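Bear in mind that the values here come from a model prediction, so they are computed numbers and not experimental data. Residues: numbered from 1 along the sequence shown.
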Amino acid sequence: MVDPGEEARGRIPALLAEFAAQRIAPAEMTEEISVMNPPDQHTVREIGRAIVAGHQPDLSIWPGYVDRDDLRRELERYATHAGNQNRRAHNELAATTGAEEVARIGIGDRMAAALPEMAAARAKLQAIAIGTEPNGLAPIERAHLAAVLTDIDAGRVLDRDDIPDQLWADERSRSAVDTDRHIHRGVRLAARTEGRIWELAQASSSVERKTDQEYDRGAAAQNVAHALYQVAGGLGMENREGTRQEQPVPALAARRNLARNPENAANLRPSRGPDRMAGQRRLDDHASPSTRGRSPP
């Protein structure tokens, strides 16, 4: 339904900016442009070579093409602002008691200040939805965007969470929605399991706080919970084993050291390994490590 190369056009400028800042490896750029047609790939590679050579080329390769991720964020901001205005208006009405007070209701300073920005945001979104110039969106995606705007105007969408998850029809966006669902399911299962393990262990044999036994028990519960998160989140046990090996200093040893010597708290440094429960944040952005030596994509 949506050409993946067309979808990628909207994201390439941001990806090239990240590449110029050495936050994206050449291999990742190569993978990102692999879905594009040969002429488009050549165009991106030429800009990549210019960046590596120390130049600052114009990154606006396909003006008008939208980044679906950015566009969704703009739509979410507009929906949130509209919902806030809707709630303020209802609060104003709820605070009035008589017909005379209702007649005096006007737009307060706070509401008025937000209106110009909201009008500009809506006009931009509407132009993308109904415009005739190519912007990378398929007709069904334009129609869906226009329908969501109508729902916002009608008060049926009052918050970012009210916007449909499956807003776009391209394969990358659909895959990201599925991944998010798996991750959130894994996070919930891991959190419930960790708490239940702790409750059952304490009920069968309680331990003193801030002791080696407490830290051992907490680490064991977290270990089980994190393994469940990896599997339920669709990341697999291979990722779990890699995470275990990347931990340079066991967190348990650091906790024990702090328990025995509280004065050492100021000297502790956070581990450079991944957070044990990093999945509790959204993982739709997978940053690549910077590379010392760059080559064009």
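Put simply, OG1 on Thr150 and CG on Asp153 are 6.0 Å apart, with the number rounded to the nearest 0.5 Å. With values rounded to the nearest 0.5 angstrom, Thr193 atom OG1 is found 15.5 Å from Trp198 atom CH2. The line from CG of Leu149 to CD1 of Ile128 is 9.5 Å long, rounded to the nearest 0.5 Å. Interatomic distance, Ile33 CD1 to Thr43 OG1, rounded to the nearest 0.5 Å: 10.0 Å. Here Glu31 contributes atom CD and Ile24 contributes atom CD1; the two are 11.0 Å apart, rounded to the nearest 0.5 Å.
Between the side chain of Ser204 and the backbone N or O of Leu200 there is at least one donor-acceptor pair closer than 3.5 Å. Using a distance-only test at 3.5 Å, with no hydrogens or angles considered, a donor-acceptor pair links the side chain of Arg174 to the main chain of Ala169. In this structure, the side chain of Arg122 does not engage the main chain of Tyr78 through any donor-acceptor pair within 3.5 Å. For the pair Asp162 (side chain) and Leu158 (backbone), a donor-acceptor distance under 3.5 Å is present. Proximity of a side-chain donor or acceptor of Arg68 to a complementary backbone N or O of Gly136 within less than 3.5 Å is detected. Within the 3.5 Å criterion, the main-chain N or O of Glu76 finds a donor-acceptor partner in the side chain of Thr80. A distance-only check finds a donor-acceptor pair linking the side chain of His144 to the backbone of Leu167 [under 3.5 Å]. Thr211 places a side-chain N or O within donor-acceptor distance of the main-chain N or O of Glu208, the cut-off being under 3.5 Å. Between the Ser173 side chain and the Asp170 main chain, no donor and acceptor come within less than 3.5 Å of each other.
The two residues Thr30 and Arg45 make their nearest non-hydrogen contact at CG2-NH2, 4.4 Å.
One finds no salt bridge joining Glu214 and Arg217 here, because no Lys/Arg side-chain nitrogen approaches an Asp/Glu carboxylate oxygen to under 4.0 Å. Taking a cutoff of 4.0 Å between a charged side-chain nitrogen and a carboxylate oxygen, Arg72 and Asp69 do not qualify as a salt bridge.
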- Message: Test side chain to side chain contact (heavy atoms under 4.5 Å, CB included) on Arg172 and Arg11; report intermediate values, then the result.
- Response: CA-CA 12 Å; Arg172 187 188 70 90; Arg11 294 184 292 111; 3.2 Å; yes
- Task: Decide yes or no on salt bridge (charged side-chain N to carboxylate O under 4.0 Å, His left out) for Arg196 and Glu199, but give the supporting numbers first.
- Result: CA-CA 5 Å; Arg196 187 59 179 155; Glu199 290 172 2; 3.3 Å; yes
- Would you please test Ile12 and Tyr65 for side chain to side chain contact (heavy atoms under 4.5 Å, CB included) and show each step? CA-CA 10 Å; Ile12 289 300; Tyr65 273 70; over 6 Å; no
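Among Val2, Leu137, Ile140, the single residue meeting the side chain to side chain contact (heavy atoms under 4.5 Å, CB included) criterion with Trp168 is Leu137.
Counting heavy atoms from C-beta outward, Met29 and Leu16 have side chains that approach closer than 4.5 Å.
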